[in-house]
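Inspection log for the structure reproduced underneath, given as structure tokens.
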There are 2 protein chains.
Amino acid sequence: MVHNSPFARKIASYVQLGEIEIQSVSDLYRRRRKFAPGLDLVHQGEIDQSAFIMADGWAFSYKILSDGARQIVNFHIPGDFLGVRSVLFRTSDHNVEPITQIEASEVSKTDLFQTFSKTPRLATAVLWAASRDEAMVVEHLVGVGQRPAPERTAHLILELSTRLKLVGLGDKTGFTCPLTQYHLADAMGLTPVHVNRVLREIREAGMMTFQNGRVTFDDYESLVDFADFDRTYLDQDGPALKM
Amino acid sequence: MVHNSPFARKIASYVQLGEIEIQSVSDLYRRRRKFAPGLDLVHQGEIDQSAFIMADGWAFSYKILSDGARQIVNFHIPGDFLGVRSVLFRTSDHNVEPITQIEASEVSKTDLFQTFSKTPRLATAVLWAASRDEAMVVEHLVGVGQRPAPERTAHLILELSTRLKLVGLGDKTGFTCPLTQYHLADAMGLTPVHVNRVLREIREAGMMTFQNGRVTFDDYESLVDFADFDRTYLDQDGPALKM
DNA sequence: CGTAGCTTTGATGTAGGTCAAGAAATGTGG
DNA sequence: CCACATTTCTTGACCTACATCAAAGCTACG
């Protein structure tokens, strides 16, 4: 039922859902639409932006510099609630583009605020998710600023794996992954050519294989070790619910 | 009076402050303490963290990797409200260290929520400030990922200048700046040695001088141009107040 | 079944890192 | 207010991680 949706599954792992919350989630969830790959669903500078709950597929948010360089800020997978910030506060300062065909529910500002006042617990969960996203951006900054390319790559893949496992996509052995090496490159501030070499290196070290739309962990433990990946990162110890 | 404080000044530029709001701000503001440079006021992993309103001095938030590398995530100046995220949601995932001696008001979780329910307009302003901080982190990621060192450096300094001007510190000619080249290096993912060379280059190009605790703009227009600095970045067109 | 988007590899270039060491500045105790 | 210590800054010589340029082989799907 509702709990089968990635969003509900994720939310439920943060807060105990009661009758009303389940109803609200299911309301938000019902109005799903499909979006084609490559067509931005959020763009920079737009006002009165909606938020989106991702139900299926992959997307990414990014910024473009005047010289055409693209920095991918984060990837979005099923269960993600994206654009909370733009909705709450003003114009969007970034773009969001689907990688695959995606299914997402558009949540208007009004809907969001109504849901918030009806079900404060849900509001907490949503804001908690937003705060998790922020932590991820910080982690990306740390990676790009301080980690060498191979470790950075391993770290990014492990982060994705962790997030995917939380919504029931993929497991310890690997996951299905529609990203191209160009996506990885723009997320990590590297060239596609170098990403390719780094992936080969990691593969030849027997740690992980990124090929044919699939990531396979050949030695998960070594990879975690190599990337210096914090296992508690993205762990939900739950939000400050007692408030 | 109250409006002379950097925090009130900044908040007032977002929302119209009424009687009650001014009172609240002034309440929060009164309980100031001094903190010595070098002693972290927030550390990673700590729970039930307070937020802080910076009244005077400079600080920075950062993360340390296991190999000792440090990534500075942002600098904090008077008027900044820091730690909103940690307070609202859980344990802190980063550290905050004062650069100079600072004066800051500690705002407990309880205080914050009380203020929020008493003065919703203030809540909006605070969340808006938090969202601005997030935008800055994204911009830092873009810089570290895509901009060459000289442009990156120019951009960071211009960002600081813009923020400082908003709270009445510094002007078009420059600002007082307690940052060392080590700070700049760790914020930008460069070595101090290279930062030094880049600063020289920028200085010799007649654009800006970073010396003796002061940044001087020798040719502001060229610098903005060189850094591809968006003049509307950090502009407050105001939050979504009509809600 | 062709053409456009990916991936892979090689040869070569360069931005920025590392190592080293002296010069300024800044701070501290007497 | 001066010696001395420590932290910053600056510069030079050299090195490496990653970029650039180029081209060939894959894959996919219209």
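So you know, we letter chains A, B, ... as the sequences are listed, proteins then strands, and number each from 1.
- The CG-C1' distance, from A:Asn212 to C:dC6, rounds to 11 Å in whole Å.
- Set against C:dG16, C:dA20, C:dT7, the side chain of B:Val193 has C:dA20 as its closest nucleotide.
- Nucleic acid contact class of A:Pro192 (heavy atoms, under 4.0 Å, all strands): none.
- Annotation: the span from B:Arg200 atom CZ to B:Thr209 atom OG1 amounts to 13.5 Å, rounded to 0.5 Å.
- Between A:Asp56 and A:Arg32, no side-chain nitrogen of the basic residue sits less than 4.0 Å from a carboxylate oxygen of the acidic one, so the salt-bridge criterion is not met.
- Note on A:Arg200: only backbone sugar-phosphate atoms sit closer than 4.0 angstrom, heavy atoms only; bases stay farther off.
- Here the side chain of A:Arg197 is nearest to one of D:dT10, D:dT20, C:dG17, namely D:dT20.
- Close to D:dT8, at under 4.0 Å from its OP1 or OP2, lies no side-chain N or O of B:Gln211.
- Ranking D:dA19, C:dG16, D:dC9 by closeness to the B:Thr180 side chain, first place goes to D:dC9.
- Taking only distance into account, the side chain of A:Arg203 never meets the base of C:dT8 through a donor-acceptor pair shorter than 3.5 Å.
- Between the side chains of B:Ser92 and B:Gln49, no donor-acceptor pair of N or O atoms lies under 3.5 Å.
- Residue B:Ser61 forms a side-chain hydrogen bond (donor to acceptor under 3.5 Å, both in side chains) with just one option from B:His76, B:Gln71, B:Glu97, and that option is B:His76.
- Residue-level contact check: B:Gly189 touches the backbone only, with heavy atoms under 4.0 Å from sugar-phosphate atoms and none from bases.
- Note on A:Asn196: a side-chain N or O is less than 4.0 Å away from OP1 or OP2 of C:dT8.
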